[in-house]
Amino acid sequence: MKQSKLKQDMVSSGVMLAFCLWLLLYAIPTQVPISAIQAALPNMLTGRTFPYLAAAMVGLASAILFFSTTVTYIKLRRQEEKVKSAPIQWRKEFRAAGVLALCLVYGVLFVRFGFIPATVFVPPCILLVLGSRNWKHYLSVYIAGAVIFLLFHFGMRVNLL
């Protein structure tokens, strides 16, 4: 496993562990109310039971991932020598910035003109920026847009126009 992947795992599991601790120590006790009767009986299932259980399970999984990844990272770092990093490929970096800009354009078009115009124009532009020339990719984007529109418009009765 590469060191960069291990670093990502350590950071993400550390952030998730901190979030779970915040949930357990602050958010759930202050935001999920319980009645005085439920508070008096410690063995009773309350509205806080499931959030506590879920946060504890995710926190435990995050802690296990954090410590196992840290041990693996330390072992790998001792074994490997420093390797020169690859040069920055500016074309790929600008492509990522272009996709981000198109996502912002999609949000503006969605708010101003609605779902259909935004979905007709922006996703194909994103595919062009990413270098896709296969017509099946463009067709799948339009099919997915149509399915989403039909689900929201007829299934959930949300107006996307």
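What you see below is based on every heavy atom in this structure, not just the backbone, and it leaves out hydrogens, waters and symmetry mates.
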Arg133 atom CZ, neighbour heavy-atom count above 12 within 6.0 Å
yes
Provide the closest heavy-atom pair for Arg48 versus Val32 in the form atom of the first, atom of the second, distance.
NE-O, 2.6 Å
Would you say Ser13's side chain and Met10's backbone share a donor-acceptor pair under 3.5 angstrom?
yes
Quick one: does Thr119's side chain have a donor or acceptor within less than 3.5 Å of a partner on Ile116's backbone?
no
Spacing of Leu127 atom CG and Ser140 atom OG [to the nearest 0.5 Å]
7.0 Å
Could you tell me whether the side chain of Cys20 reaches within less than 4.5 Å of the side chain of Val58, counting heavy atoms only?
yes
When rounded to the nearest 0.5 Å, the distance separating NZ of Lys7 from CZ of Arg77 is 6.5 Å
When hydrophobic residues are tied together by side-chain contacts of less than 4.5 Å, even through go-betweens, does Phe115 share a cluster with Val120?
yes
So do Leu102 and Phe121 actually touch side chain to side chain, heavy atoms under 4.5 Å?
no
Using 30° and 60° as the class limits, which term best fits the ring planes of Phe154 and Phe149: parallel, tilted or perpendicular?
perpendicular
If hydrophobic clusters are built from ILVMFWY residues whose side chains come within less than 4.5 Å, do Tyr138 and Ile126 share one?
no
So how far is it from Leu65 CG to Leu60 CG, rounded to the nearest 0.5 Å?
11.5 Å
Is there a continuous path of hydrophobic side-chain contacts, each under 4.5 Å between heavy atoms, that joins Trp22 to Ile28?
yes
Looking at Phe19, I'd like to know if its CZ atom is crowded, meaning that more than 12 non-hydrogen atoms belonging to other residues, nucleotides or ligands lie closer than 6.0 Å.
no
Joint hydrophobic cluster, Tyr106 plus Ile148, side-chain heavy atoms closer than 4.5 Å
yes
Tyr142 (side chain) donor-acceptor with Pro124 (main chain) under 3.5 angstrom:
no
Heavy-atom closest contact (Pro29 atom, Tyr52 atom, distance):
CG-OH, 3.3 Å
Within one Ile-Leu-Val-Met-Phe-Trp-Tyr cluster: Tyr73 and Leu17, side-chain cutoff 4.5 Å:
no
Closest approach of Asp9 to Thr69 (non-hydrogen atoms, all atoms of both residues):
CB-CG2, 3.7 Å
